[in-house]
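Chain letters run A, B, ... following the sequence lines, proteins first and then strands; every chain starts at 1.
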Amino acid sequence: MPKKRKAEASGDIVQVGNKLISLEGYLSKKPRKDIAAPGQSDPVAAGAVSAASSPPALTSSSGSRSTQIPVTASSSASSPLTGDPQFFAARQSLPLWTRRDEIRGILRQKDVLVLVGETGSGKSTQVPQYLFQEPWCRSRKVKVKAGAGTEEARVGGMIAITQPRRVAATTLAHRVSREAGTPLSEHNSGGGGANGAVSKGLVGYSVRFDHRVPPGTKIKYLTEGMLLQELLRDPHLKQYSAIIVDEVHERSVDVDLLLGFLKQIVSGDKAGRGGVPLKVVIMSATADVEGIRRFFSESVSHSPGSQPSLMPKSGTSVDFLQIEGRQFPVDIVHTPKPVPDIQQALLKLVFKFHTEEALSDKHGRKDILAFLTGQEEIEAAQKLIEEYASTLASNLPKLKVFPLFGQLSMEAQHEAFQPVKGGFTRKVVLATNIAETSVTVPGVRYVIDCGKAKVKQFRPRLGMESLLAKPISKSSAIQRAGRAGREGPGKCFRLYTEETYETLQETDLPEILRTDILSAVLTMKARGIDDVLSFPLMDPPEVESVEKALLHLHILGALSDDGSITETGRKMVLFPVTPPYARVLLAAAEAKYDCLLEAIDIISCITAGEDIFLQLRSEEAKEEAEEYRKELSRREGDLLTYLTTMQLYAAENTDRAQWCKDRKIHVRNMKQALNIRKQLRGLCVREGMMEPPPPDPQPFTPTSPEQAAVILKCFLKGFALKTAILAPDSSYVTSHGKHVVAIHPSSVLHGQKKEAIMFLEHVYTQKNYAKKVSAIQASWIADALEE
DNA sequence: TGAGAACTC
């Protein structure tokens with residue numbers, strides 16, 4: 001117990017999904033003093049293993065496990081069979097270990113394996129290590145089909161394992177590289193790994209802006225998006241012998257596309273791989289496996305790169321394994337009657353638990369995690385709980401509330417993972433869905449579930465999306481409850497009745513059915529999928545959604561009249577932005593607009609993930625930042641404001657972090673924006689769209705109103721459909737669809753009346769809102785659509 | 001007067 005607590009108290013390790021994640025460089029800038037010196041053991045990693053794979057009660061109760069494993073424990077050198085001996089015992093204690101021969105056996109005979117492994121089974125770290133020495137996992141020189149003829153090529157040798165999130169990919173790679181005995185050196189540390197700078201290694205990773213694939217890499221962790229990019233370059237994934245798709249149950253758009261492409265490779269002819277089969281392992285945390293099995297078992301009518309064949313290929317035979325997880329029991333309680341007021345019910349439950357339950361037991365702390373829908377609800381609940389807590393008798397333990405949502409700064413998020421200071425205090429974490437999949441809060445033994453989550457849904461007919469709180473699925477409710485049983489027996493209180501639970505959908509709607517599939521369709525077209533509607537998808541979107549996307553791509557010039565991809569479309573897929581932004585970049589390079597650097601600056605800010613501007617809710621925060629923000633904001637609207645911000649930021653030569661703080665700008669997002677700017681500039685230079693720009697810092701010169709107009713006209717090439725005209729009654733009516741929209745309060749144009757506006761986002765929340773708004777002239781809209 | 005969570009050559 002003390003050992004485990006220590007590892008967690010370092011704050012470096014939390015769980016992400018069912019895996020351990022190092023928060024180093026993610027939540028804290030604090031140097032790691034607990035990194036092992038060369039040749040010594042690494043206490044953080046060792047503690048992490050026991051924390052992840054074996055809850056303390058299980059390890060201490062199984063006496064046989066405490067005996068040393070004789071195989072390699074005495075050997076100090078790592079062998080490829082066992083990896084680093086100091087991790088070997090822990091690896092052997094994982095539930096997956098006894099199944100490793102079964103897994104190998106299946107994959108020697110079949111190409112597809114579906115592996116359901118519950119939380120804590122260790123599948124993300126272990127499965128690739130079981131497979132990389134298999135006979136089918138060798139690189140071979142073969143003749144592959146290339147165009148009309150054949151050519152010699154190396155096929156196979158590597159295993160890719162995909163993750164939905166970047167932190168998961170990088171931290172798993174670090175973890176597994178240590179287990180394998182060839183640690184990746186710590187980032188920018190100049191030799192923090194066991195051998196200093198490692199020149200060769202079995203394990204690598206690849207995520208945007210961060211690639212570490214040492215020579216000899218056999219196991220490569222990457223994001224789903226990264227593997228999709230690789231697919232565009234090499235449709236047959238020739239360098240791989242196997243692809244492991246992890247966290248499939250999250251059903252991101254990217255994973256759905258990947259499964260489609262993988263199905264085509266597996267069930268198509270193997271000429272493009274010189275006859276070498278590709279093994280596919282699908283890993284999921286939920287047992288909803290029948291859909292995946294059916295998906296791979298059904299035949300496809302054509303293989304990648306070839307025309308649809310009249311002779312359907314036979315389906316692939318799929319095997320299935322279920323691995324037991326390690327989870328403590330969780331008592332689930334529903335409310336007997338529907339709850340009229342979530343906030344009141346939450347308050348009551350928090351204090352009931354707080355006053356009746358001990359602060360900790362033999363399993364550790366007993367903290368509370370409540371799932372709410374959004375920032376507003378969380379902040380209201382926080383205020384309520386804090387007010388009530390201040391009235392508690394002084395002999396009772398204290399209560400400290402931590403909000404947790406994506407828009408919080410890294411520092412604020414970090415606090416929710418730390419044990420509270422002062423032993424006589426209980427932690428209450430009020431979180432959005434971020435705590436359901438992306439991060440795990442240690443110490444939680446009591447979960448309160450409001451039964452809802454905000455969900456984004458795209459409405460193809462209206463060309464807009466909505467973001468509204470909706471009932472969660474059963475699978476999501478089970479996932480939330482499970483968060484109470486990670487470290488000891490727990491309790492989950494649901495703020496809805498059992499009858500309501502029974503009416504919930506089994507699973508969440510996959511993202512591909514909820515979002516704009518514009519990018520997905522262009523990706524398919526670029527990969528040579530002529531008939532997008534027949535591309536194999538587990539959950540095909542409505543025909544209407546696909547048609548809308550095709551039409552939109554045609555308007556953007558990415559598709560010709562017959563639906564084939566154009567040269568413009570081929571250029572658009574080269575950029576890591578959605579098609580409308582890619583179209584703007586191409587237009588900006590034309591002599592007519594000639595504003596590529598400016599367009600890149602703006603698009604970098606917008607696509608940097610979350611908004612670079614922190615939301616200023618309180619009046620005092622607004623006043624504080626107002627003076628500074630004045631120099632950024634432009635009367636032409638948000639786009640020119642982004643441009644000015646990026647230009648001033650890039651010109652800033654002294655303390656960029658302080659510069660951001662003064663202006664209430666998200667430091668991390670701004671850094672990301674600068675990275676994207678560099679990447680886009682590089683791509684534009686490579687594509688011959690511009691000369692290499694001079695390096696920063698460049699002196700700031702304000703954009704003239706004339707130049708601003710050119711930039712906005714250029715953006716209309718991508719967003720002509722997202723415009724609205726001021727009506728006589730002072731509302732804005734969209735030129736496409738004739739809906740009334742209001743300018744979102746986050747816009748610098750909020751509350752202003754302009755002849756016409758262009759907006760890059762269109763979201764229904766409380767109202768129909770236009771976001772990222774610019775003032776334009778009505779006549780520009782027709783001009784942009786004409787050519 | 002208001003923003004669930006990710007991701008890209």
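Taking the nucleotide of DNA chain B with the nearest heavy atom to each of A:Q672 and A:T373, the more 5' of the two is matched to A:T373. Between A:H750 and A:E511, the residue anchored nearer the 5' end of DNA chain B, judged by the nucleotide with its closest heavy atom, is A:H750.
Residue contacts shown for A:T432 are limited to sugar-phosphate atoms, with no base heavy atom under 4.0 Å away. Within the 4.0 angstrom heavy-atom criterion, only backbone atoms of the sugar-phosphate kind lie near A:L574; the bases stay farther away.
Between the NZ atom of A:K678 and the C1' atom of B:dC9 there is a distance of 14 Å, rounded to whole Å. Taking atom CG on A:L228 and atom P on B:dC9, their separation rounds to 10 Å, with Å as the unit. Here the P atom of nucleotide B:dA3 and the NZ atom of A:K664 are 22 Å apart, to the nearest Å. In this structure, the NZ atom of A:K452 is 18 Å from the P atom of B:dA5, given to the nearest Å. We find that CZ of A:R251 is positioned 17 Å from C1' of B:dA5, with the value rounded to whole Å. Atoms CD (A:E376) and C1' (B:dT1) sit 10 Å apart, rounded to a whole Å. If you measure from atom NZ of A:K454 to atom C1' of B:dG2, you get 9 Å, rounded to the nearest angstrom. Atom CD in A:Q163 sits about 12 Å away from atom P in B:dT8, given to the nearest Å.
Counting only heavy atoms from C-beta on, A:I434 has its side chain closest to B:dA6 among B:dA6, B:dG2, B:dC9. With B:dG4, B:dT1, B:dA6 as the candidates, the nucleotide lying closest to the side chain of A:P745 is B:dT1. Checked against B:dT8, B:dA6, B:dG4, the side chain of A:R165 finds its nearest nucleotide in B:dA6. The side chain of A:V207 sits closest to B:dT8 out of B:dT8, B:dT1, B:dG4. Of the candidate nucleotides B:dG4, B:dG2, B:dT8, B:dT8 has the atom nearest to the side chain of A:Q229. Among the nucleotides B:dA6, B:dA3, B:dG4, the one closest to the side chain of A:K456 is B:dG4. In the set B:dA3, B:dG4, B:dT8, B:dA3 carries the atom at the smallest distance from any side-chain atom of A:Q766. Distance from the side chain of A:R166 is smallest to B:dT8 among B:dA3, B:dT8, B:dA5.
Aromatic ring pairs are classed by plane angle as parallel below 30°, tilted from 30° to 60° and perpendicular above 60°; the pair A:F719 and A:F715 is parallel. Note: A:Y501 and A:Y496 have parallel aromatic rings, judged against thresholds of 30 and 60 degrees for the angle between ring planes.
Defined by atom type and a distance below 3.5 Å, a donor-acceptor pair is present between the side-chain atoms of A:S731 and A:D729. A:T437 and A:E250 share no side-chain donor-acceptor pair at under 3.5 Å.
For A:R233 against B:dC9, a side-chain-to-base donor-acceptor contact under 3.5 Å is present.
The pair A:E230-A:K220 meets the salt-bridge criterion, since a charged nitrogen lies less than 4.0 angstrom from a carboxylate oxygen.
A:F613 pairs by the ring-ring contact (aromatic ring centres under 6.0 Å, His included) definition with A:Y642, not counting sequence neighbours.
Between A:Y769 and B:dA3 there is no side-chain polar atom (N or O) within less than 4.0 angstrom of OP1 or OP2. Within the structure, a side-chain polar atom (N or O) of A:T223 is placed less than 4.0 Å from OP1 or OP2 of B:dT8.
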